[in-house]
Q: 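Before I ask anything, let me first share the structure, which is written out below as structure tokens.
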Amino acid sequence: MQLTDIHDQAIQARMALIVGARTFDRLFAGARFDEVDGDILFVYAKDEDTAAKIEDEFALHISIIASKILEREINIVMVLPRQLVS
């Protein structure tokens, strides 16, 4: 399932409330909550380091927020750098 812009922006807005402006701008600027496959949410970040930090520090928060917004269970959050997207 491809996420709509509304879903992407809703997840971003909730994450901004949790992490605060500085952290959001540093990590989530340019990130895209893109697609759900089963119970896996795919997120694309600006680079590999940012993707690793988002996944390590915020995957649980993202899965809880996305589950509520998408009204389906999200158990895994895969954060990938945009360079890997063809």
Side-chain angles (χ1 to χ4, degrees):
M1 164 186 157
Q2 196 73 25
L3 270 60
T4 65
D5 287 340
I6 303 284
H7 289 133
D8 174 45
Q9 292 168 358
I11 296 169
Q12 286 189 34
R14 293 262 179 101
M15 286 307 299
L17 286 172
I18 291 172
V19 303
R22 279 191 181 156
T23 302
F24 184 84
D25 287 346
R26 183 171 47 87
L27 295 178
F28 291 93
R32 168 91 179 141
F33 298 90
D34 192 61
E35 180 179 359
V36 174
D37 185 11
D39 67 344
I40 303 171
L41 172 65
F42 290 91
V43 181
Y44 297 103
K46 61 184 172 186
D47 58 39
E48 194 170 329
D49 290 336
T50 303
K53 287 178 186 173
I54 291 171
E55 191 167 319
D56 290 344
E57 296 177 24
F58 300 108
L60 178 61
H61 294 89
I62 293 168
S63 69
I64 293 167
I65 290 168
S67 292
K68 291 182 183 200
I69 290 172
L70 301 173
E71 298 178 346
R72 65 188 295 170
E73 192 68 29
I74 302 295
N75 292 316
I76 300 169
V77 176
M78 296 283 300
V79 185
L80 303 169
R82 286 188 187 264
Q83 296 95 323
L84 297 180
V85 180
S86 53

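Values in this document were obtained by computation on a predicted structure and should not be read as measured data. As a basis for the values below, the full set of heavy atoms in this structure was taken, side chains included, without hydrogen atoms, waters or symmetry mates.
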Q: Tell me which pairs pass salt bridge (charged side-chain N to carboxylate O under 4.0 Å, His left out) where either residue lies in residues 9-21, with sequence neighbours left out.
A: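 Those involving residues 9-21 do not exist here.
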Q: State, to 0.1 Å, how close E48 and P81 come at their nearest heavy-atom pair, and which atoms those are.
A: N-CB, 3.6 Å
Q: Which pair of heavy atoms, one from S67 and one from S63, lies closest together, and at what distance?
A: OG-O, 2.8 Å
Q: List, by chain and then residue number, the residues other than V77 in its hydrophobic cluster (Ile/Leu/Val/Met/Phe/Trp/Tyr, side-chain heavy atoms under 4.5 Å); write none if there are no others.
A: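 Once heavy-atom contacts under 4.5 Å are chained together, V77 belongs with M1, L3, I11, M15, I18, V19, F24, L27, F28, F33, V36, L41, V43, I54, F58, I62, I65, I69, L70, I74, V79.
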Q: I need the full list of side chain to side chain donor-acceptor pair (under 3.5 Å) pairs touching residues 50-62, with sequence neighbours left out, sorted by first then second residue.
A: D47-T50
Q: What residue pairs, at least two apart or across chains, pass side chain to side chain donor-acceptor pair (under 3.5 Å) with a residue in residues 69-81?
A: D39-N75
Q: Not counting sequence neighbours, list each pair that qualifies as a salt bridge (charged side-chain N to carboxylate O under 4.0 Å, His left out) and has a residue in residues 26-37.
A: D5-R32, D8-R32, R32-D34
Q: May I ask you to check whether over 12 heavy atoms, not counting those of I6, lie within 6.0 Å of atom CD1?
A: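 Open.
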Q: Just jot down the ring pair (Phe, Tyr, Trp, His ring centres under 6.0 Å) partners of F42, sequence neighbours excluded, or say none.
A: none
